Amino acid sequence: MADVRLAGIGMTSARTRDRLVQRLREQGIANLAVLERVRNVPRHIFVDEALGTRAYEDTALPIGFGQTISQPYIVARMTEALLEAGVPDNVLEVGTGCGYQTAILAPLVARVNTIERIEPLLARARVRLKELGVRNVRFRHGDGTLGWKTHAPFDGILVAAAPLSVPEALLKQLRVGGRLIVPVGPEGEQELVRFTRREQRMERESLGSVAFVPLVGGVT
Ligand code: SAH
């Protein structure tokens with residue numbers, strides 16, 4: 001039973017996933033390891049059963065608590081942007097949500113430290129990642145705007161919700177050469193940005209306009 005659920009049938013089958021990978025390629029995702037993860041991670045188990053047949057559309061879908069699972073293109077784009085200059089060892093992810101982005105990323109790096117402010121979402125993500133056999137993830141219920149000092153510095157930081165301006169703590173917890181991928185700005189005007197820490201300065205590149213849920217301080 002569990003195998004059938006993970007493998008998927010019909011609209012959640014491997015064939016449907018292949019079509020999604022093909023679309024992502026056409027949209028410019030070139031990193032083969034990332035595309036392979038999209039092919040192998042069953043996105044349908046991260047959403048409500050009723051939404052399962054829509055899991056391989058390239059759209060965000062509701063996951064409860066007013067939050068969404070990110071659009072596959074965006075997950076792939078952010079992961080690719082993080083990996084571009086070499087594979088980061090120690091990564092911080094802010095905004096675990098349902099854990100889909102975590103599942104795509106984790107096997108591509110040595111360790112993911114992931115923080116989510118909504119406890120039930122974190123609890124569910126934990127179960128799903130375990131089910132998928134993803135083991136190199138540390139989970140924390142907390143406010144990701146503060147980063148995760150105990151495990152800093154990070155080679156990469158990926159933020160899945162948009163702050164109005166980049167939290168200082170995240171920039172501080174980045175290693176020299178490390179990269180921070182973060183959507184910045186108010187709803188309707190967000191830009192995906194990649195910061196790279198250099199010895200004396202912070203490099204900033206725009207990766208285009210995006211739409212994310214807001215990054216909110218505090219926990220629930
Ligand atoms: N990558 C996730 C997307 C989740 S949406 C996925 O694939 O499902 C963004 C998530 O960020 C939400 O779950 C939201 O609760 C969380 N979030 C918002 N502000 C946060 C904060 N300050 N600290 C940690 N998580 C936060």
Side-chain angles (χ1 to χ4, degrees), residues 17-18 20-41 43 58 60 69-97 99-115 129 134 136-138 144-145 147-148 151-163 165-185 190-212 215:
R17 254 175 265 161
D18 283 346
L20 171 61
V21 168
Q22 190 51 39
R23 271 206 303 279
L24 298 185
R25 264 181 196 283
E26 285 161 12
Q27 286 177 277
I29 304 297
N31 186 312
L32 294 180
V34 173
L35 290 168
E36 203 46 34
R37 285 307 291 157
V38 175
R39 192 191 308 280
N40 291 329
V41 176
R43 189 169 183 252
D58 190 19
I69 179 172
S70 307
Q71 182 193 351
Y73 171 76
I74 286 295
V75 170
R77 183 73 192 97
M78 289 180 87
T79 311
E80 186 173 71
L82 188 73
L83 299 179
E84 228 156 40
V87 175
D89 234 26
N90 187 33
V91 174
L92 174 68
E93 178 188 48
V94 175
T96 320
Y100 178 68
Q101 165 83 69
T102 324
I104 295 286
L105 175 66
L108 305 177
V109 301
R111 162 77 66 183
V112 177
N113 306 274
T114 188
I115 309 182
L129 288 163
V134 174
N136 57 336
V137 180
R138 260 188 217 113
T145 59
W148 195 342
H151 300 298
F154 300 103
D155 308 299
I157 302 179
L158 202 152
V159 185
S165 61
V166 183
E168 260 323 293
L170 298 184
L171 292 169
K172 271 201 191 130
Q173 292 177 21
L174 209 54
R175 193 193 294 284
V176 172
R179 1 188 79 201
L180 163 64
I181 317 291
V182 58
V184 188
Q190 296 164 2
E191 180 187 24
L192 188 62
V193 181
R194 174 166 57 195
F195 291 93
T196 306
R197 176 179 279 286
R198 303 293 181 203
E199 290 284 354
Q200 304 294 339
R201 67 196 165 87
M202 206 52 95
E203 196 175 296
R204 184 188 195 281
E205 295 160 83
S206 174
L207 304 177
S209 54
V210 285
F212 277 81
L215 187 76

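These numbers were taken from a predicted model, which means no experiment stands behind them.
Here the CG atom belonging to Leu108 is positioned 9.5 Å from the CG atom belonging to Leu82, to the nearest 0.5 angstrom. Within the model, atoms CD1 of Ile69 and CZ of Arg43 stand 4.0 Å from one another, a figure rounded to the nearest 0.5 Å. Summarising the geometry, atom CD1 belonging to Ile181 is positioned 11.5 Å from atom CD1 belonging to Ile74; distances are rounded to the nearest 0.5 Å. Rounding to the nearest 0.5 Å places CD1 of Ile115 at 11.5 Å from CZ of Arg138. Rounding to the nearest 0.5 Å gives a distance of 6.0 Å between CG of Leu171 and CZ of Phe195. Here the CD1-CG distance, from Ile157 to Asn113, works out to 10.0 Å after rounding to the nearest 0.5 Å.
For Asp155, the side-chain hydrogen bond (donor to acceptor under 3.5 Å, both in side chains) partners at least two apart in sequence or on another chain are Arg175. Shown here are the side chain to side chain contact (heavy atoms under 4.5 Å, CB included) partners of Ala160, two or more places apart in sequence or in another chain: there are none. Residues meeting the salt bridge (Lys or Arg N to Asp or Glu O under 4.0 Å) test with Arg179, sequence neighbours left out: none. For Asp89, the salt bridge (Lys or Arg N to Asp or Glu O under 4.0 Å) test picks out no residue, with sequence neighbours left out. Not counting sequence neighbours, the partners of Glu205 by the side-chain hydrogen bond (donor to acceptor under 3.5 Å, both in side chains) test are Arg194. Looking at residues two or more places apart in sequence or on another chain, you find a salt bridge (Lys or Arg N to Asp or Glu O under 4.0 Å) between Glu36 and Arg39. With sequence neighbours excluded, the residues that form a side-chain hydrogen bond (donor to acceptor under 3.5 Å, both in side chains) with Gln71 are Asp58. Every side chain to side chain contact (heavy atoms under 4.5 Å, CB included) that Ile104 has, sequence neighbours left out, goes to Arg37, Val38, Val41, Val75, Thr79, Tyr100. With sequence neighbours excluded, the residues that form a side-chain hydrogen bond (donor to acceptor under 3.5 Å, both in side chains) with Glu203 are Arg198. Under the rule for a side chain to side chain contact (heavy atoms under 4.5 Å, CB included), the partners of Val184 that lie at least two apart in sequence or sit in another chain are Val166, Val182, Val193.
The minimum heavy-atom distance between Leu207 and Ala81, with the atom names listed, is CD1-CB, 3.7 Å. Shown here for Pro167 and Thr145, the closest heavy-atom pair between the two residues is CB-O, 3.5 Å. Of all non-hydrogen atoms in Ala161 and Phe212, the two that sit nearest each other are N-CD2, 4.1 Å. Nearest heavy atoms, Gly185 versus Ala162: O-CB, 4.1 Å. Between Asn136 and Ala110 the shortest heavy-atom distance is ND2-O, 3.1 Å. When all heavy atoms of Pro163 and Pro183 are compared, the closest pair comes out as CD-O, 2.9 Å.
Residues Leu83 and Pro88 form a side-chain contact, since some pair of their non-hydrogen atoms from C-beta on lies under 4.5 Å apart. No side-chain heavy atom of Leu158 sits less than 4.5 Å from a side-chain heavy atom of Val112.
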Side chains of residues 23-34: which donor-acceptor partners sit under 3.5 Å, not counting sequence neighbours?
unit_1	atom_1	unit_2	atom_2	d
Arg23	NH2	Tyr56	O	2.9
Glu26	OE2	Gln22	NE2	3.4
Asn31	OD1	Ala33	N	2.9
Asn31	OD1	Val34	N	3.1

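There is no side-chain donor-acceptor pair under 3.5 Å between Gln101 and Ser70.
Side chain of Gln173 to main chain of Phe154: no donor-acceptor pair is present (N/O by atom type, distance under 3.5 Å, no hydrogens or angles).
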